[in-house]
> 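Take this structure first; my questions come after.
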Amino acid sequence: MKRALLFIAIIFSGLAAGRAQVPAPAKDQALPPISYVCPMTGDEDVIEDKAGRCRKCGMELKPIRLDSVWTCPVHAAVIKDKPGACPIDGRELVQVTMSVSWTCASTNIESMNPGKCADGSPMVKKFTPRAHGNHNPQHGGLFFMAPDNWHHLEGTYRDGGMFRMYLYDDFTKPLARDQVRLMSGRIITKSGASIPLVPVQNGRYLEAKIGKLPFPAEMAAKLKFKSTSPENHFDFTFPEYSKEPVAPVTTTAATPSAKQPPSAPTVANSASSASPAVASLPPPPAATTSSSGVDPGLIPLPIPDSVPEMLAQLSQRTEQIRRFIDQGQFASVYVPAFQAKDLALALDERKDELRPEHLKIAAPAIKRLVRSAWLLDAFGDLGNKQQISDAYTEFAAAVKDVESVFPGSK
Ligand SMILES: [Zn+2]
Ligand SMILES: [Zn+2]
């Protein structure tokens with residue numbers, strides 16, 4: 001998923017392991033930890049592990065349980081607890097972040113914890129998709145979020161040299177065709193050619209005839225959602241032609257067939273769903289599985305105990321961020337960026353060991369490092385190379401200052 005929200009879910013599951021055990025009903029040991037989120041639309045990326053106020057708007061954060069679940073790329077109603085094939089179309093499931101609650105049939109009761117309903121029956125587990133909970137490309141392309149925090153888009157570069165752009169809303173649902181038809185834009189290639197980006201007849205996507213470019217193929221999209229709205233800028237770097245994911249061809253009986261109905265999918269947002277199968281999900285899969293689509297090299301490492309080790313990791317992460325930016329893999333930048341932020345916060349706890357003249361440099365440098373790590377995350381989603389490069393410059397300078405004053409670095 002290459003997504004911030006997933007990443008946070010990984011972090012939280014890591015945290016949960018080291019946290020004092022909250023007494024939980026014996027039957028459901030695997031309650032996802034409580035997170036605190038901002039109720040304001042557009043602040044879905046604010047997810048903290050303690051109560052308090054939103055760092056963006058100041059509103060009071062609300063407790064919620066977030067979980068990583070698996071869903072069909074184009075059938076969001078299907079929710080599974082582990083990777084596999086979509087029972088409807090056979091495509092590989094993608095990992096998304098949803099909130100988890102427990103409800104009773106035909107009531108509005110919604111609880112953060114499992115329990116009993118008034119009639120004595122057990123409450124039913126319910127998953128609710130979250131805005132920005134799914135940043136997975138659906139057509140094998142590169143996925144970005146628009147600066148308006150609502151539109152999402154995916155660019156693909158197909159064999160033959162055709163660029164296609166698919167448009168989505170904040171829940172990654174494809175936009176209605178009449179909305180897509182209002183859009184206009186152009187693709188600028190590295191050589192400076194400007195090719196119109198126009199909605200195709202049926203309004204399912206926009207298209208620009210680029211022609212064949214050498215790989216990695218770099219191009220920028222300039223897109224207006226309406227003729228009156230501002231032009232948004234997105235930088236795409238395609239390492240190869242995009243391939244539409246297809247259902248794997250299998251010969252086993254595991255694929256849905258007429259004889260065997262697909263195993264009952266859990267229906268999101270359905271309070272009336274009383275399927276007992278949902279009530280006891282096993283713990284989420286280890287985030288390290290390669291099938292999760294997450295590069296195992298990106299899985300968060302525990303924060304080391306010694307300052308030199310922290311600095312070594314910080315330097316590795318900095319290098320990783322630079323590499324992702326160079327390759328145009330903006331959507332992956334948040335992983336090392338968040339790790340670097342966690343390392344910076346760990347170093348912050350050790351800054352009292354510094355001499356006063358070093359502390360004077362370290363304290364503001366750590367703040368800048370944390371801030372620029374957030375920016376790298378935010379700009380990585382937006383896919384604007386200039387913004388993300390600027391954030392990296394600030395980040396790298398802060399890292400250098402931190403390295404210059406903590407003992408044990410080069
Ligand atoms: Zn907020
Ligand atoms: Zn989003």
Side-chain angles (χ1 to χ4, degrees), residues 1-11 34-64 66-69 71 73-74 76 94-99 127-139 141-156 165-176 179-180 183 221 223 225 229-230 232-236 268 293-294 324 329-335 337-338 370-371 373-384 387-388 391:
M1 114 167 191
K2 311 133 194 174
R3 299 288 91 238
L5 292 179
L6 163 66
F7 174 70
I8 286 158
I10 296 171
I11 288 285
I34 294 178
S35 307
Y36 295 83
V37 299
C38 179
M40 174 75 99
T41 305
D43 285 358
E44 287 83 2
D45 57 331
V46 175
I47 304 177
E48 311 287 353
D49 60 358
K50 18 182 192 312
R53 301 209 161 261
C54 173
R55 64 184 153 80
K56 287 165 103 178
C57 73
M59 277 174 81
E60 198 180 336
L61 301 176
K62 296 259 175 296
I64 190 174
L66 293 176
D67 205 357
S68 282
V69 292
T71 179
V74 289
V94 294
Q95 200 166 23
V96 300
T97 303
M98 294 199 188
S99 68
F127 288 100
T128 309
R130 276 174 60 74
H132 307 284
N134 180 4
H135 281 173
N136 296 286
Q138 302 191 355
H139 298 276
L142 298 169
F143 190 97
F144 295 131
M145 176 166 82
D148 65 9
N149 231 350
W150 189 85
H151 286 93
H152 291 72
L153 52 90
E154 175 181 0
T156 65
M165 186 181 279
Y166 298 86
L167 283 305
Y168 308 97
D169 68 9
D170 54 342
F171 284 84
T172 313
K173 283 209 200 80
L175 284 194
Q179 281 176 285
V180 176
M183 300 185 183
L223 180 69
F225 296 127
S229 59
N232 295 286
H233 179 106
F234 306 94
D235 290 300
F236 293 92
V294 177
F324 282 135
Q329 304 301 306
F330 305 139
S332 299
V333 163
Y334 75 95
V335 180
F338 276 10
V370 170
R371 189 188 103 88
W374 283 115
L375 289 178
L376 284 168
D377 167 51
F379 292 149
D381 282 344
L382 300 180
N384 182 316
Q387 286 176 327
I388 198 164

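Whatever order the structure lists them in is the order used to number ligands and atoms, beginning at 1. FYI, the numbering just counts along the sequence from 1.
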> What N/O/S atom of Asp43 gets nearest to the Zn ion (ligand 1)?
OD2
> Looking only at heavy atoms, which two atoms of Ser35 and Ile47 are closest? And how far apart?
CB-CG2, 3.9 Å
> Looking only at heavy atoms, what is the nearest atom pair of Pro129 and Phe171, with distance?
O-CE2, 3.4 Å
> Any side-chain heavy atom of Asn232 within less than 4.5 Å of one from Phe225?
yes
> Report yes or no: does Asn149 contribute a side-chain atom to a donor-acceptor pair with the main-chain N or O of Gly42 at less than 3.5 Å?
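Yes; at least one donor-acceptor contact below 3.5 Å.
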> Can you tell me, to 10 degrees, how wide the angle at the Zn ion (ligand 1) is between SG on Cys57 and SG on Cys54?
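It rounds to 110°.
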> Measuring only between side-chain heavy atoms, which start at C-beta, is Arg130 closer than 4.5 Å to Ile64?
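Arg130 reaches Ile64 side chain to side chain.
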> If you round to the nearest 0.5 Å, how far is CH2 of Trp374 from CZ of Arg55?
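These two atoms lie 4.0 Å from each other.
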> How about the Zn ion (ligand 2), which protein N, O or S atoms come within less than 2.8 Å?
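Short answer, with waters excluded from the count: His132 ND1, His135 NE2, Met145 SD, His152 NE2.
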> Find the distance between CD (Glu154) and CZ (Phe236) and round it off to the nearest 0.5 Å.
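So the CD of Glu154 and the CZ of Phe236 are separated by 9.0 Å.
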